[in-house]
Structure formats: C-alpha cells, structure tokens
Amino acid sequence: MAWNTNLRWRLPLACLLLQVAMVVLFGVFVRYDPDADASWWEEKKRRNISSDLENEFYYRYPSFQDVHVMVFVGFGFLMTFLQRYGFGALGFNFLLAAFGIQWALLMQGWFHHLDLQGRYILLGIENLINADFCVASVCVAFGAVLGKVSPIQLLIMTLFQVTLFTVNEYILLNILEVKDAGGSMTIHTFGAYFGLTVTYILYRHNLEQSKQRQSSVYHSDLFAMIGTLFLWMYWPSFNSAVSYHGDAQHRAAINTYCSLAASVLTSVALSSALHKKGKLDMPFLESRLRIQDTCGIHNLHGIPGVLGGIVGAVTVAFASPDIYAQPGFSKDVQTSRTQGKFQVFGLLLSLAMALMGGIIVGLILRLPFWGQAADENCFEDEVYWEVPEENSAGHVTEDPTLKPPALLIPSGAPALSAVLVP
Amino acid sequence: MAWNTNLRWRLPLACLLLQVAMVVLFGVFVRYDPDADASWWEEKKRRNISSDLENEFYYRYPSFQDVHVMVFVGFGFLMTFLQRYGFGALGFNFLLAAFGIQWALLMQGWFHHLDLQGRYILLGIENLINADFCVASVCVAFGAVLGKVSPIQLLIMTLFQVTLFTVNEYILLNILEVKDAGGSMTIHTFGAYFGLTVTYILYRHNLEQSKQRQSSVYHSDLFAMIGTLFLWMYWPSFNSAVSYHGDAQHRAAINTYCSLAASVLTSVALSSALHKKGKLDMPFLESRLRIQDTCGIHNLHGIPGVLGGIVGAVTVAFASPDIYAQPGFSKDVQTSRTQGKFQVFGLLLSLAMALMGGIIVGLILRLPFWGQAADENCFEDEVYWEVPEENSAGHVTEDPTLKPPALLIPSGAPALSAVLVP
Amino acid sequence: MAWNTNLRWRLPLACLLLQVAMVVLFGVFVRYDPDADASWWEEKKRRNISSDLENEFYYRYPSFQDVHVMVFVGFGFLMTFLQRYGFGALGFNFLLAAFGIQWALLMQGWFHHLDLQGRYILLGIENLINADFCVASVCVAFGAVLGKVSPIQLLIMTLFQVTLFTVNEYILLNILEVKDAGGSMTIHTFGAYFGLTVTYILYRHNLEQSKQRQSSVYHSDLFAMIGTLFLWMYWPSFNSAVSYHGDAQHRAAINTYCSLAASVLTSVALSSALHKKGKLDMPFLESRLRIQDTCGIHNLHGIPGVLGGIVGAVTVAFASPDIYAQPGFSKDVQTSRTQGKFQVFGLLLSLAMALMGGIIVGLILRLPFWGQAADENCFEDEVYWEVPEENSAGHVTEDPTLKPPALLIPSGAPALSAVLVP
C-alpha cells in the first residue's frame with residue numbers, strides 16, 4: 001500500500017488552525033491569577049501581606065523549571081535511542097508538548113478553575129506545572145508509537161489525550177478526592193495504557209521490514225542517557241512541585257530522592273541477572289508484549305504506575321490519622337480505609353479511561369490520510385525531515401547550506417501578553 | 001594569501017593581560033552588595049528585617065542559574081551544528097563569555113552603580129544576571145562570525161561589544177527610561193545587527209572553498225538540539241530574571257511560557273510549508289542575505305528583536321494606566337503614548353549603535369595579525385584545536401594519550417574573595 | 001592471566017545485599033526532619049512561625065538540584081571522553097552515586113545528627129546536599145580508576161570511601177571546627193588523593209595493550225563537554241549550597257562565579273602556551289605522574305584542592321574580626337591565626353586519611369575475584385555492557401531488538417516512605 005507522506009499542506013494547516021484556535025480561546029477565556037496580576041500590590045495592601053516572597057511564584061518556580069526540562073529534554077532525549085529517529089524523537093516531542101501545554105492550560109482551566117472563579121481561567125505558576133504534568137502523560141504515550149506515526153497523528157492524539165487526561169484527573173482529584181502526588185495514576189498509568197492501546201489498534205503486520213532501524217547505535221544510546229539522567233535527577237521536583245507548601249513539598253522531595261537511589265541498584269541487579277553473560281543492558285526492560293511498544297513504556301511507566309497506585313492505596317489505608325490529620329489531607333468524614341478504597345477506584349478508572357480513549361483515538365488515527373509512513377519506512381527521519389547526507393568517511397557530499405536549528409527567540413513575548421491583558 | 005594561525009604567544013598573552021587587568025580592576029573597584037556582605041546581619045538588625053529570605057539572593061538565584069545555563073550550554077551547543085566546528089563553538093563561546101561577564105560586571109557597575117554608591121561597585125546577584133545578559137548579546141553576534149574568526153578576534157570583539165552594550169543599555173534604561181524586559185532591543189537587536197555588521201565588514205570572497213564544512217551532520221544536529229532546547233526551556237527565566245519582585249516576575253514567566261509554545265507550532269508550520277516535499281528542516285530559517293551570517297542570526301535574533309521592540313512600543317502605548325499604575329512602572333509625567341515613542345526611539349538607537357560599533361570593530365578585526373584562518377580553512381576545528389584523529393572504522397590511530405576535558409575545579413574560590421574583601 | 005568478567009551472580013548479589021541493608025537501616029534509623037514532618041504545621045504554631053517559606057526547603061532546594069545535576073550529569077558526562085567507555089562512565093557513575101548517597105545519608109546521619117537528636121537520623125534537604133557532596137568525592141576518585149575496575153570494585157570502593165569521608169569530615173568540621181565551604185579539603189583533596197592512591201596500588205604493568213582506546217574521538221569530546229559545562233555552571237550552587245542563610249550563601253555564589261570566569265582565561269592561556277603550535281587541547285591537563293590516572297584528577301582536583309586549602313588557611317589567618325565577627329563564624333576563644341593553623345592541620349589530616357584509606361582499599365580491590373578486566377580489555381564497554389554492533393557504514397547488523405535506556409520511573413515513591421513513616 002502506498003502512502004503519501006508529503007505533509008506540505010496538511011501539517012502547516014493543522015498547526016496554524018490549532019494555534020489560531022489557541023490564541024482566540026486564550027483571548028476569550030484566560031486572564032492572570034491575582035499573584036501574577038499587575039494589581040497584586042494593591043491586593044497585598046488589602047490582604048496585609050508584608051512580603052513579595054509570599055507570591056506563589058517563589059514556592060513553585062524552581063520546581064516548575066525542572067519539570068519543564070523533564071518534558072522537553074528528558075522525554076525528548078530519552079527517545080533518541082533509535083539510530084535514525086533522533087530528529088523525530090526530539091522534534092515531534094517538542095511539537096506535541098508545545099501544543100499540549102496550551103490545550104492543557106485551557107482544559108484544566110475550564111475544569112478546575114472556571115467553576116470557582118466565574119468567567120475566566122486565571123493563570124499562575126501552578127497552572128503551568130499542571131499543564132506540563134498533563135503533557136508528560138502524552139510524552140509517555142508517544143513512547144509507544146514512536147517512529148510509527150506522523151506529526152499530524154501526534155497532534156490529533158495530543159488533542160484527545162489532553163482532553164481525556166483532564167476529565168480523568170478532574171474525577172480523581174476533585175470528585176473522588178484521591179491523592180496522587182507523583183501522578184502514578186493520572187500520568188503514568190493513564191498515559192502508558194492509553195499509548196499501549198493506541199499502538200495495539202495501529203498494529204503493523206509488516207513492521208519487521210524496518211527492523212534494522214529499530215535498534216540503537218553507540219552514540220544514540222549516549223544521547224538517550226541525557227534524557228534518562230535529566231528525568232531521573234529532576235524527579236524529586238516532579239513529585240513535589242504541586243504539593244502543599246512547606247513540609248509536604250519537603251517530604252515529597254526526600255522520599256523521591258531515596259526511592260530513586262534504591263531503584264538504580266535494583267535495576268542494575270535485574271539487568272545483570274537477566275543477561276546470560278551478566279552484562280548490563282542500557283535498555284533491558286524491553287517489552288515482552290506483542291504490541292509494538294517502541295520505547296517499552298509498559299515496563300517503564302505502565303507497571304510502575306499501577307504499582308505506585310496500589311502502594312499508595314495501601315499506604316493511605318494504614319496511615320495514622322495522628323500523623324496526617326492536618327487540614328487538607330483528607331475529608332473529615334472519611335476514614336483512612338475509605339480513602340484507600342477510593343484510591344483503588346481511582347486507579348481502575350484511570351485504566352478504563354485509558355483503554356476506552358485509546359481505542360477511539362486509535363481508530364481515528366487508522367484513517368488513511370494522516371500522512372503515516374509505510375511499514376518499511378518506520379523509524380526513519382528521512383520521511384519527515386530534511387536529513388544531512390553523509391558519506392562513509394563522515395564527510396558531507398550534498399546539501400552544503402548552512403543549517404542552524406530553528407529557534408524562534410521569543411523576544412516578542414509581549415505579543416501574547418497583549419492578548420492576555422484586556 | 002598565507003595566514004599565520006599559530007597563536008602560541010598571542011593568545012596566552014591576550015588572555016593573561018586581560019585577566020590580570022580584570023583582577024586589578026576588581027581589587028580597586030569592586031566590593032560586595034550589602035545583601036552579600038558579612039555585616040548584613042547587623043544591617044538587618046538596624047533595618048528590622050526579620051528573615052534571611054528577604055535577601056535578594058532568594059528572589060533571583062534560581063533564575064540566575066537558568067540564565068547562566070543558557071549562556072554557556074544554550075548558546076554553546078546551539079552552535080555545534082557545524083560538522084567540524086564543535087570544539088570551536090563550545091570552546092570559544094566559553095572563552096568569550098568567561099571574559100565578557102567579568103568585563104560586563106565592571107562596565108555595568110561603573111555606569112549603573114558607581115554614581116549611586118560612591119567609590120565602589122557593589123556586587124550582588126542582580127549584577128551577575130545583568131552580566132550574563134550582556135554576554136548573551138555577544139553570543140548572538142558570535143553566531144554571525146562563527147567559524148571565520150580567531151579566538152583573539154573574539155576577545156577583541158567581546159571587549160568592544162560589552163562596552164558598547166553597556167553604553168546603549170544605560171542610555172535606554174536610565175536616560176530614556178525605556179522598558180525592555182526580555183532585552184528585545186538591548187540584547188537581541190543590538191547583538192544581532194552588531195554581529196551582522198562585523199561579518200559584513202569581514203566579508204570573505206572565497207568562502208565557498210570551505211563550503212563542504214558549512215553543513216551539519218546527523219549527530220551534530222542532535223548536539224545543537226541540546227542548546228536549542230535549553231535556550232527554549234529557560235527563556236521564561238531569562239525574561240523574568242530581573243523583573244520587579246512578585247507579580248511582575250510571575251507575569252513575565254507566564255507570558256514567555258505561552259509565547260514560546262505558540263512559536264513552536266508557527267515554526268513547524270512555516271518550515272513544512274516552505275519545503276517542496278513538506279519536510280521539516282532543523283534549520284529552516286537560513287539567512288537569505290548575502291552577508292555570510294553563519295548561524296542565521298538575522299532571522300534568529302535580528303527580526304524577532306525588532307518585532308519585539310515594535311510590539312513592546314505598541315503595547316505600552318495602549319497600556320491602561322488603571323492596570324499598570326503601580327509605583328515604578330512609568331514616570332508620572334509620561335503618558336502611555338509618550339512612553340511608546342521613547343520605546344521606538346530606543347529601538348532606533350540600538351540599531352544605530354550596532355551599525356556604527358560593528359563597522360569600527362569590523363575594521364579593527366580586519367587587521368592581518370589576529371591569527372585568522374584562510375578562506376579554505378574556515379569552519380574547521382583543526383586550525384585552533386588539537387583534534388583526535390579517527391580512521392574510517394571509527395578507531396583512533398594516533399595520539400593515544402589520555403584526554404579528559406580541561407576543567408579547573410574552582411575549589412580555590414577564596415582566591416578572588418581575598419581580592420574582593422579589603 | 002585470565003580473568004572472569006562474567007558478573008551474572010556477583011553483581012546482582014552485591015547490589016541486592018547492599019540495597020536490602022540500606023532499606024533495613026533506613027527503617028530502623030531514619031525519620032523526617034521537623035521541617036519535612038507532617039506535624040510541622042503544629043510545630044509552626046508552637047514556634048510562632050508565620051510562613052511556610054521559613055521551611056529550610058526553600059532556602060536550599062534550588063542549590064540542591066544543581067548539585068544533584070553536577071553529580072550525575074556533570075561527573076557522568078565528564079568521563080565520557082574515552083571513545084569506547086561512555087556506557088561505563090555514565091552507568092557506573094550512576095550506580096556508585098546512587099548507592100553512595102544512601103550510605104552517606106546513614107553515615108553522615110550517625111556522625112552529625114545522631115548524637116544531637118537521640119535515637120533517630122532526621123532527614124531534611126541539607127542532608128541530601130551533604131550526601132551528594134560526599135558522593136562527589138567518590139566521583140572524583142572514580143576518575144583515577146576509570147576504565148580499569150569492575151562495577152563490584154566500584155561498589156566496594158564507594159562503601160569504604162564514603163565511610164572514611166564521613167570520619168574525616170566529622171573531625172575537620174566538628175572537632176577542629178575548620179571552615180571548608182567549597183569542600184577543598186573534604187571533597188577535592190581527600191577524593192583526589194584517595195583515588196590516586198587506589199589507582200597506584202592497582203598499577204597495571206601492561207596497560208599500554210589497551211592504549212588505542214585510551215584516547216577520545218571527536219564526538220566523545222563533545223559529550224564530555226556536557227559534563228564539563230554543567231559542572232562549571234553549577235559550581236556557584238555547589239559552593240553556596242550549605243552556607244549560612246542570607247549574605248554568606250549570596251557571597252559564596254558571587255565569589256565562585258568570578259573565580260570560575262577567571263579560571264577559564266587562565267586555562268586557555270596555559271593550554272595554548274604549552275602546545276608547540278599554540279593549539280588548544282580539550283584535555284591539556286594530562287597527568288605527568290606515572291600512576292595511570294585516567295581522568296587526570298591530580299591536576300583536576302588534587303592540586304586545586306590543596307591550593308584551595310592553603311589559600312583558605314591564609315585568608316582566614318588574615319581575616320579581620322571586624323568583618324567576620326558574626327555569630328557562628330569562629331569560636332570566640334580562637335583568634336584568626338589559630339583558625340588558620342587549624343585549617344592547615346585539617347588539610348594535612350585529609351591527605352593522611354586519603355593515603356591510608358587508599359592503600360587499604362587498593363589492597364582489598366587487588367583480590368582476584370571482583371570481576372576486573374584484563375589489561376588488554378581496559379577502557380572497553382564491551383566487557384560489562386551489551387553494546388550495539390555497528391558496521392562501517394554506521395548501520396546496525398545485529399541485535400535488532402528495541403532498546404530504550406533502562407529507567408525505573410519512581411512513581412512508586414511512596415514505597416520507601418512507608419518504611420520511613422512508622
């Protein structure tokens with residue numbers, strides 16, 4: 001079957017349509033949070049706040065930047081392990097995340113904020129972090145379909161997944177009042193099983209035709225280590241970024257730091273024990289499932305997410321009210337046991353949403369006009385990218401034009417602010 | 001024409017002379033800001049400050065570190081896209097930035113601080129950020145001459161550009177009282193047109209002799225993505241690092257976050273639409289100007305800088321005083337319209353300074369004894385760097401000495417502090 | 001001599017034994033610091049603390065994350081310069097640091113905290129930073145033995161070095177009351193001479209058999225620059241992370257920023273002056289000592305550490321009590337001169353501990369059953385890692401399985417917290 005992968009009109013149109021929609025919706029619905037509003041100095045006077053440091057910005061900004069690095073450098077470079085798909089891994093992750101955070105700001109704003117504050121979504125630093133969290137679940141799902149879908153398919157998947165993520169998150173956090181600090185359920189479980197379902201629906205029967213490109217090369221594994229390490233190092237920020245101020249944020253960072261360190265020794269032990277010569281393998285957690293899960297997200301996010309959800313439920317069920325009885329931790333009417341049950345229910349709901357949503361989105365993505373590549377051209381940057389040609393000696397023989405990476409420096413930042421401020 | 005590119009005496013001499021001058025000038029002129037002074041605890045008592053958190057350090061340090069990463073990793077790796085100029089891109093950027101921040105601390109100190117506080121420049125965290133900002137404009141200009149100049153020429157360019165930057169910045173911010181939060185005018189416009197003028201003056205008629213090295217290779221583009229992403233991710237910190245405390249800093253970060261996301265979709269749309277097969281191009285913003293702008297900084301910084309300046313002027317001209325009337329935003333006697341005109345004037349002045357300065361510096365750099373390479377040796381690390389030789393199989397055949405990168409761990413940090421503290 | 005490098009049972013067993021020991025010891029000895037404890041809101045009420053911002057977390061967290069990046073990305077990538085040892089550099093650094101920080105939390109906790117607070121080690125953000133500091137000295141020592149030891153040897157070295165580091169640190173900081181802000185003595189001097197002694201004891205007479213792998217290739221040097229730059233950029237955070245709140249932290253960051261910039265120009269001058277054609281060399285600080293110091297740590301950490309220690313002693317000896325007389329700086333009964341002598345004594349003690357410890361650990365590591373490689377197989381990832389095979393055209397011919405890097409996402413973070421909270 002011949003596929004048309006020339007996206008010259010479809011991709012620009014999709015991007016521009018989505019971006020214009022975003023700008024219009026931001027203009028209509030989005031305003032600044034009081035902490036980011038120019039009239040904050042008056043507000044402070046009224047509220048008798050003595051210091052600018054009480055601004056939410058200073059509680060959250062360092063964690064926000066770490067999370068931001070995880071989404072763009074962490075997930076981006078993590079997926080550069082394929083020998084000929086580095087541009088796609090970084091570039092498509094960049095594209096879907098950039099669209100996703102805008103759409104997530106709107107979706108999460110409508111669900112979580114609109115009802116409270118009336119007409120407008122009020123943006124503050126916490127919204128930015130939550131948008132990055134939502135997009136992280138799309139990055140997880142991207143891992144399952146890596147190398148097999150077109151950028152247009154990814155934009156469509158992002159549009160739907162962000163929407164479903166927000167609905168699921170709203171039900172879990174606001175209706176069931178489930179605790180999900182690190183996003184075990186909302187981010188990892190939902191993201192992984194959504195992505196796995198989509199890749200299952202998109203099953204390619206002749207994918208072995210591009211199997212020579214499905215492995216890494218020495219330097220592509222080193223690039224992937226950039227992503228791995230930045231994800232690993234900043235996970236304490238990820239897990240603590242939106243915790244309650246003070247001891248809760250502090251505790252989340254300490255727990256994550258210790259758990260992460262323990263996970264390294266365990267992983268090394270398993271990797272060596274599972275290899276017949278005891279060698280370590282950069283990616284030993286390959287998926288054993290026959291569902292073409294490129295990045296092995298079932299083992300990377302699926303199982304850990306479910307485990308995290310279960311352990312969380314058990315921990316909560318046996319948590320002593322003497323320790324955690326401060327305001328905000330749990331509903332007064334709920335005992336710890338009840339809370340534990342709600343946690344389990346939240347986990348099951350996340351799985352159900354992921355499966356149903358994945359089936360619908362998978363079927364939409366199977367339509368033949370999204371510019372997807374043929375089975376023999378998967379995992380190949382050449383399809384969607386202008387790739388520099390190299391001869392065997394490492395010297396370039398063609399295409400001698402200068403090529404710095406595209407970067408639109410946002411010194412025109414006031415542009416959108418003009419939209420934001422009425 | 002034969003050039004002597006052996007810098008054995010010229011480069012060490014230039015570096016040591018400049019560094020000795022810096023140490024002497026720091027000893028004479030530089031002291032600590034009260035917030036960094038050991039007697040701060042007494043000062044606090046006097047001023048009735050209850051918490052160490054009120055120290056400027058805690059408002060700015062996270063943003064400072066992000067900006068620092070942008071200057072050294074961001075700009076450094078951004079310019080590693082050339083196949084044989086990675087050492088030069090990273091190493092020369094490192095050298096010019098390390099010299100530039102010291103000289104900028106002095107220049108900006110003399111202009112902005114000396115008049116207020118008498119005999120001494122008083123260093124605090126905000127000075128460090130402003131020095132990094134100043135150097136960012138030199139990094140922008142470096143992009144235009146990348147691969148065509150010697151490290152000595154770069155030190156000379158840095159010396160002059162930092163000086164001119166500071167004069168321009170002083171006139172704009174302190175005399176015209178222009179608002180330039182993200183540095184659209186002082187950093188991007190000034191840096192880009194200064195660099196473009198220099199490269200125009202240094203025009204090389206036979207540069208096509210080294211054109212086979214003017215392109216990227218697959219992995220060099222991935223290295224460049226490290227720079228691109230760290231610049232992109234940390235731009236909210238760049239634009240908010242020296243904003244007023246509280247809501248202004250918060251708002252600058254939010255605006256930049258949203259604008260950046262929007263710019264990605266727009267860039268992807270343009271890149272695909274401009275390619276005949278609709279493919280994406282890592283560096284699609286090539287300069288169409290015939291002025292040998294290696295990194296395409298005209299499209300990367302020049303046009304966005306000018307656009308940012310104009311949009312800023314328009315936004316300010318129509319800003320409602322009801323919203324932005326808090327202390328410090330604008331002079332009481334100026335209406336918004338007047339402020340808008342001053343913004344335009346600031347933009348034009350930045351362009352004029354860049355052109356005039358660029359011509360003078362370009363002419364100085366054309367002198368034949370700065371160790372510049374011949375036209376056929378441009379874009380080649382071999383000229384100034386000891387480069388490991390590789391045979392076709394990727395194995396090294398010569399030079400089997402151990403080679404860790406040079407890193408002088410600054411555990412001797414007290415050394416300069418002995419100079420700083422009288 | 002034939003070595004058995006198959007670690008299939010030895011490595012998993014070593015990792016699991018150590019990790020189980022850590023979990024048990026954490027369960028018995030470790031609790032949360034009051035600032036990280038769920039009952040902190042009650043504590044605050046009692047202590048009349050008005051703001052969550054007074055939590056130690058907000059003073060230290062940004063610096064902590066920077067230090068964390070230095071340990072894992074900084075030291076990890078710094079050591080990727082060898083052409084065929086990138087996996088080992090990153091992977092073994094990852095492993096030893098992940099074990100080291102857990103062991104350091106316990107050791108430092110027992111020495112510095114247990115005596116004060118009774119039964120338990122109370123963990124807070126400062127403990128995490130100090131654990132990273134301790135591990136940084138192990139990373140320094142790793143540089144000396146890079147490519148010549150097995151992961152089991154590294155775990156043993158880490159176990160002993162962390163122990164000795166903590167004893168040395170306790171004597172210096174708590175008994176001699178030495179000042180060692182940047183860790184010149186405790187981290188750099190101790191780490192470097194410990195590592196040099198170990199590598200001297202492990203001297204390999206036929207190491208030239210693997211000399212063709214002891215050099216870098218072009219791209220491996222670029223990877224090493226990622227490490228170099230992140231170490232360099234975040235050094236202000238390293239040196240200020242555990243300083244007293246306020247002006248001391250501020251001052252440490254400023255001093256380091258300036259010193260670092262000065263060190264770059266000096267390094268470039270020396271590198272060019274020492275090359276016969278005046279070229280720059282990524283790793284010009286090669287060790288001239290005949291002790292097989294792979295990463296040149298004698299010049300990188302040893303000499304700078306000793307210099308830093310001496311300069312610190314001199315600076316302290318002549319420091320004016322008028323400036324530094326605030327509480328906490330020095331014992332009332334000590335004059336500056338006395339403090340200077342104690343500083344020198346601390347330096348000598350660090351050297352002595354490093355030499356003695358290094359001899360003992362070196363002798364233990366010489367035992368023949370730790371899985372070390374033969375002389376001709378040093379500096380080669382193939383020995384301990386599954387490495388993707390590449391043909392000369394850069395295409396993979398074997399092993400076409402999918403290989404994302406192993407990353408256990410710690411969404412199961414509550415797991416250890418269940419142990420931590422009784």
Side-chain angles (χ1 to χ4, degrees), chain B residues 6-8 11-12 15-16 18-19 32 35-38 40-41 52-53 55 57 61-62 65 68-69 72-73 80 86 90-91 94-95 98-99 101-102 123 125 128 219 223 384-386 388 390 392-393 396 399-418, chain C residues 53 62 66 81 182 184 188 211-212 214-217 219 222 224-225 228-229 233 235 239 245-247 250-251 254-265 267-269 272-273 277-286 294-296 300-301 304-305 307-308 311-312 315 323-324 326 392:
Chain B
N6 184 332
L7 305 177
R8 188 161 186 188
L11 183 58
C15 287
L16 291 178
L18 289 171
Q19 190 54 55
Y32 294 116
D35 273 27
D37 199 275
W40 172 242
W41 64 283
D52 274 318
L53 274 168
N55 196 306
F57 183 79
Y61 192 70
Q65 274 292 10
H68 213 43
V69 169
F72 290 89
V73 156
T80 57
L90 287 165
F94 201 8
L95 174 64
F99 165 59
I101 55 180
Q102 296 180 75
L123 280 201
I125 187 73
L128 309 192
H219 279 172
F223 280 112
Y384 303 114
W385 295 86
E386 187 68 40
E390 295 169 58
S392 63
V396 167
D399 199 348
T401 52
L402 290 179
K403 298 189 163 185
L407 177 74
L408 280 177
I409 300 297
S411 37
L416 196 56
S417 85
Chain C
L53 274 167
D66 295 348
F81 68 95
S184 304
H188 298 288
K211 78 175 172 188
Q212 82 285 1
Q214 289 185 53
S215 57
S216 60
V217 290
H219 279 171
L222 291 183
M225 278 303 288
T228 307
L229 285 173
M233 293 179 306
W235 224 278
N239 282 354
H245 293 172
D247 64 279
H250 200 154
R251 201 163 55 250
I254 294 172
N255 285 355
T256 312
Y257 177 94
C258 293
S259 311
L260 282 163
S263 74
V264 173
L265 274 84
S267 302
V268 168
S272 174
K277 291 183 183 168
K279 289 185 185 181
L280 297 168
D281 203 339
M282 279 279 168
F284 76 98
L285 287 180
E286 291 170 43
T294 314
C295 213
L300 231 57
H301 298 273
L307 273 179
V311 172
T315 314
I323 295 173
Y324 290 106
Q326 81 268 48
S392 63

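So that the names make sense, note that chain A is the first sequence line, chain B the second, and so on, each numbered from 1.
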Is Y61(B) close to chain C through its backbone or its side chain, or both, or neither, when contacts mean heavy atoms under 4.5 Å?
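Side chain only.
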Can you tell which part of F72(B) gets under 4.5 Å to a heavy atom of chain C, answering side chain, backbone, both or neither?
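Backbone plus side chain of F72(B), per the 4.5 Å heavy-atom cut-off to chain C.
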Please enumerate all residues that pass side chain to side chain donor-acceptor pair (under 3.5 Å) together with N6(B), with sequence neighbours excluded.
none
Within this structure, what is the [atom1]-[atom2] distance for the pair [X] and [Y], rounded to the nearest 0.5 Å?
X: L280(C); Y: L11(B); atom1: CG; atom2: CG; answer: 6.0 Å
X: L95(B); Y: L265(C); atom1: CG; atom2: CG; answer: 5.5 Å
X: K277(C); Y: L7(B); atom1: NZ; atom2: CG; answer: 13.0 Å
X: S272(C); Y: E386(B); atom1: OG; atom2: CD; answer: 12.0 Å
X: Y32(B); Y: D247(C); atom1: OH; atom2: CG; answer: 10.5 Å

Could you report the tightest heavy-atom contact between [X] and [Y], atom names first, then the distance?
X: L123(B); Y: C258(C); answer: CD1-SG, 4.1 Å
X: A262(C); Y: Q19(B); answer: CB-NE2, 3.2 Å
X: Y257(C); Y: H68(B); answer: CE1-CE1, 3.3 Å
X: A98(B); Y: V264(C); answer: CB-CB, 3.5 Å

Side chain R251(C), main chain A36(B), donor-acceptor under 3.5 Å:
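Checking the backbone N and O of A36(B) against the side chain of R251(C), a donor-acceptor pair under 3.5 Å is found.
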Is a donor on one side and an acceptor on the other found under 3.5 Å between the side chain of H250(C) and the backbone of I125(B)?
yes
With a 6.0 Å cut-off on ring centres, are H219(C) and F223(B) close enough?
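Yes; F223(B) has its ring centre under 6.0 Å from that of H219(C).
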Mind checking what makes side-chain contact (heavy atoms from CB on, under 4.5 Å) contact with A269(C), not counting sequence neighbours?
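side-chain contact (heavy atoms from CB on, under 4.5 Å) check on A269(C) returns P12(B), C15(B), L16(B).
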